[in-house]
Undergrad: 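Quick one: the structure is below, and I'll ask about it shortly.
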Protein chains: 2
Amino acid sequence: MKKKRPTLQTIADQVGATKMTVSRCLRDPETVSEGLRERILSVAEQVGYIPNRAPDLLSRATSHSIGVLVPSLTNQVFADVIVGIEKRTEPAGYHLMLSHYGYSPAVEERSLASVLSYNVDGVILSDHHHTPRTLRMLETAGIPVVEIMDTHHKPLQQAVGYDNVAAAFDMVSEMIRHGRQQIIYLAVRLDERTLQREQGYRQAMEQHGLTPVTLHSSQRSSYSVGAALLEQILNDYPHTDGIFCTNDDVAVGAYFECQRRGINVPGQMAIAGFHGHDVGQAMTPKLASVITPRQAIGEAAAQALLARIQGEAVADHTVDLGYRIETGATL
Amino acid sequence: MKKKRPTLQTIADQVGATKMTVSRCLRDPETVSEGLRERILSVAEQVGYIPNRAPDLLSRATSHSIGVLVPSLTNQVFADVIVGIEKRTEPAGYHLMLSHYGYSPAVEERSLASVLSYNVDGVILSDHHHTPRTLRMLETAGIPVVEIMDTHHKPLQQAVGYDNVAAAFDMVSEMIRHGRQQIIYLAVRLDERTLQREQGYRQAMEQHGLTPVTLHSSQRSSYSVGAALLEQILNDYPHTDGIFCTNDDVAVGAYFECQRRGINVPGQMAIAGFHGHDVGQAMTPKLASVITPRQAIGEAAAQALLARIQGEAVADHTVDLGYRIETGATL
DNA sequence: TAAGCAATTGTTACCGGTAACAGTGCGGTA
DNA sequence: TACCGCACTGTTACCGGTAACAATTGCTTA
């Protein structure tokens with residue numbers, strides 16, 4: 001009924017050779033006599049032969065693919081990281097198996113199992129908190145692992161990122177230097193990075209004898225959450241003169257709300273975000289933000305992973321790519 | 001040296017059974033006697049057995065994975081589509097093999113070959129223009145294909161999306177209804193959808209006896225491109241009273257530039273975007289935009305693909321999920 | 001002229017699950 | 001007692017490419 005997808009044997013039958021010869025011809029044409037080579041290549045073209053990685057995957061347990069687990073694909077931060085990863089893997093002939101786990105370690109575990117079942121040659125992880133089973137799977141899989149985004153923990157094998165605690169500390173210190181006293185931290189979704197930034201925020205505040213206050217929203221980050229949190233601040237903490245937001249979405253949302261209410265930024269209210277996304281950097285006033293090297297992180301992580309897949313010894317266990325404080329015009 | 005990842009045989013050896021029995025036990029524990037079952041499951045747990053899809057992939061040429069080709073991962077439109085796709089595939093136990101091709105048919109061809117080499121069970125494509133080799137590969141692969149985003153072309157097998165021409169026509173008509181006469185279309189990167197929207201724009205303009213003008217930027221879409229194009233308009237077409245942007249990034253960027261220059265929106269300049277992204281909908285004034293059902297498209301596409309993978313006959317060849325005109329406060 | 005060698009092609013086995021089929025052992029029934 | 005059937009477990013073969021080795025051919029060289 002439905003005709004099968006052509007294999008090497010299909011081609012071999014048509015040219016009167018064995019699949020071994022065809023295999024050789026497609027991989028290294030020089031090793032096959034000219035006449036045969038031409039016939040093989042033309043038949044291959046004609047039947048529309050598509051390479052098949054399955055046997056490779058089975059016999060050598062190598063897939064030429066790497067697994068990438070990110071908490072969210074709609075989060076622009078990770079979209080940028082992925083672009084960076086691909087920039088390195090694509091030229092090397094490696095394919096990405098992407099999975100996202102919605103910030104949940106349990107889902108991460110499932111995603112990892114799924115990715116490993118395809119015999120990926122290496123894995124890039126985006127969080128540092130893993131379930132015991134996740135750790136066990138990584139161990140038995142025996143493949144290189146690189147963790148990204150955070151350099152504050154001891155990595156499983158290797159980490160590439162920046163220091164969230166230090167970045168938050170620096171940004172809040174900068175706000176204080178600009179004369180702000182009542183700075184509130186706006187947190188959404190309690191993932192690791194949000195908590196680390198809070199830690200940096202607290203350190204900076206306490207160092208200057210100021211009282212840290214954190215406002216949470218359990219919702220996922222969005223402009224409207226930023227607006228809602230700002231409203232809450234105006235009601236509950238009317239003396240606030242600055243907000244440090246866990247990301248730019250919240251910061252921009254809060255800024256929009258200030259605009260609507262005629263609150264002068266930065267005159268009455270300083271606003272700082274995190275990651276330096278396009279919106280914040282394109283609007284006027286330009287948003288103060290911590291500029292993180294997302295794409296560079298992806299590139300460095302992929303490069304390190306590929307090196308280890310290819311058996312190179314790797315010296316540095318943690319690569320810190322730093323960050324930059326953009327003071328913009330909202331401090 | 002490096003110990004191998006455990007297989008069914010590893011477990012079988014330890015409990016004194018054959019791998020066949022272990023295989024059965026893991027898939028359907030009821031079919032194995034209680035004592036053996038307990039031992040197998042405990043050993044499997046202890047050695048950290050990870051399922052291996054490679055043999056399946058080889059012997060049944062099925063991978064329980066589907067290929068998804070999108071032009072860009074950083075484009076929020078496709079991020080949303082992917083979320084929709086996964087909403088359906090994840091519960092069905094299918095894994096996504098994502099690839100992006102940067103709006104280039106040649107890269108799409110390479111990406112497709114790569115994805116097909118992993119024996120994906122179906123493919124979701126995001127564009128309608130394919131290279132001849134791409135078409136051939138799809139044919140010889142013999143797997144279900146669903147094309148998304150556009151319903152204006154005849155699909156290879158099946159399409160899910162909305163009508164870009166009609167959407168653009170409706171939005172521009174709405175702008176004209178609001179009294180705009182000198183409306184310019186702002187296009188970036190000449191992909192299919194940009195061109196289709198231009199077509200709808202032209203139709204609306206011509207129907208009202210107005211002269212269509214398109215401004216291109218070859219750069220990839222961004223806020224700053226929107227700002228730059230607005231500047232160009234002010235210089236070259238000073239009587240312009242409205243702009244229809246091929247997406248919200250450009251529209252918001254243009255809005256920011258208006259703000260900077262003290263141009264009243266919509267008083268002096270009406271602005272409309274496309275896709276209804278968060279920024280535009282969160283800011284004040286709310287951006288006029290065509291709200292497209294991205295996530296629903298992903299879901300419907302995945303559902304249709306899975307149905308066909310599972311051998312169901314599919315009646316409708318094109319599913320149009322429509323769009324909504326949000327007039328916002330910038331017309 | 002026979003050994004020797006390079007160039008080319010063929011043969012076999014393997015990777016790890018599982019379908020299909022083949023035992024094996026036990027209890028129940030005629 | 002003999003036969004049947006059920007519950008459980010084992011055996012074999014297969015998927016498609018390729019490493020490792022074997023075989024064949026034709027030509028050169030001592």
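As a basis for the values below, the full set of heavy atoms in this structure was taken, side chains included, without hydrogen atoms, waters or symmetry mates. Residue numbers begin at 1 in each chain, while the letters A, B, ... track the order of the sequences.
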Undergrad: For the residue pair A:Pro55 and B:Leu58, what are the closest heavy atoms and their distance?
TA: CG-CD1, 3.9 Å
Undergrad: Closer than 3.5 angstrom, by distance alone: can the side chain of A:Thr151 be matched with the main-chain N or O of A:Tyr162 as a donor-acceptor pair?
TA: yes
Undergrad: Kindly state each residue pair satisfying ring-ring contact (aromatic ring centres under 6.0 Å, His included) with at least one member in residues 4-30 of chain B, sequence neighbours excluded.
TA: none
Undergrad: For residues 12-52 of chain B, which residue pairs pass the ring-ring contact (aromatic ring centres under 6.0 Å, His included) check, not counting sequence neighbours?
TA: none
Undergrad: Under 3.5 Å, which protein N or O atoms sit close to an N or O of nucleotides 17-20 of chain D? Give each pair with its distance.
TA:
| unit_1 | atom_1 | unit_2 | atom_2 | d |
| --- | --- | --- | --- | --- |
| D:dG17 | OP1 | A:Tyr49 | OH | 3.0 |
| D:dG17 | OP2 | A:Leu8 | N | 3.0 |
| D:dG17 | O5' | A:Tyr49 | OH | 3.3 |
| D:dG17 | N7 | A:Lys19 | NZ | 2.8 |
| D:dT18 | OP2 | A:Ser23 | OG | 2.5 |
| D:dA19 | OP2 | A:Arg27 | NH1 | 3.1 |

Undergrad: If the condition is salt bridge (Lys or Arg N to Asp or Glu O under 4.0 Å), which residues does A:Asp121 pass it with, not counting sequence neighbours?
TA: none
Undergrad: In residues 28-40 of chain A, what residues come within less than 4.0 Å of DNA chain D, judged by heavy atoms?
TA: none
Undergrad: Ring pair (Phe, Tyr, Trp, His ring centres under 6.0 Å) with A:His64: which residues, sequence neighbours excluded?
TA: A:Tyr94
Undergrad: Below 4.0 angstrom, N of the basic side chain to O of the carboxylate: do B:Arg193 and B:Asp191 qualify?
TA: yes
Undergrad: Can you measure B:Asn119 atom CG to C:dG16 atom P for me and round it to whole angstrom units?
TA: 18 Å
Undergrad: Mind checking side-chain contact (heavy atoms from CB on, under 4.5 Å) for B:Ser72 and listing every partner two or more places apart, or none if nothing turns up?
TA: B:Thr74, B:Asn75, B:Tyr103
Undergrad: Please compare B:Gly16 and B:Leu58 by the position of their nearest nucleotide in DNA chain D and report the one closer to 5'.
TA: B:Gly16
Undergrad: CG of A:Asp13 versus C1' of D:dG16: gap in Å, rounded?
TA: 13 Å
Undergrad: Please collect all ring-ring contact (aromatic ring centres under 6.0 Å, His included) contacts where either partner lies in residues 105-151 of chain B, sequence neighbours excluded, each pair once.
TA: A:His95-B:Tyr118, B:His128-B:His153
Undergrad: A:Arg220: what forms a salt bridge (Lys or Arg N to Asp or Glu O under 4.0 Å) with it, not counting sequence neighbours?
TA: none
Undergrad: Find the distance A:Leu26:CG to C:dT9:P and express it as a whole number of Å.
TA: 13 Å
Undergrad: Between A:Arg5 and B:Leu116, which heavy-atom pair has the shortest distance, and what is it?
TA: NH1-O, 3.2 Å
Undergrad: Should the pair A:Asp13-A:Lys19 be classified as a salt bridge under the 4.0 Å nitrogen-to-oxygen rule?
TA: no
Undergrad: Give me the bend of the helix from C:dT1-D:dA30 to C:dA30-D:dT1, using the axes of the five pairs at each end, rounded to 10°.
TA: 70°
Undergrad: What N/O pairs connect the protein and nucleotides 4-6 of chain C at under 3.5 Å? Give each pair on its own line.
TA:
none

Undergrad: For A:Ala296, what residues pass the side-chain contact (heavy atoms from CB on, under 4.5 Å) criterion, not counting sequence neighbours?
TA: A:Pro293, A:Leu321
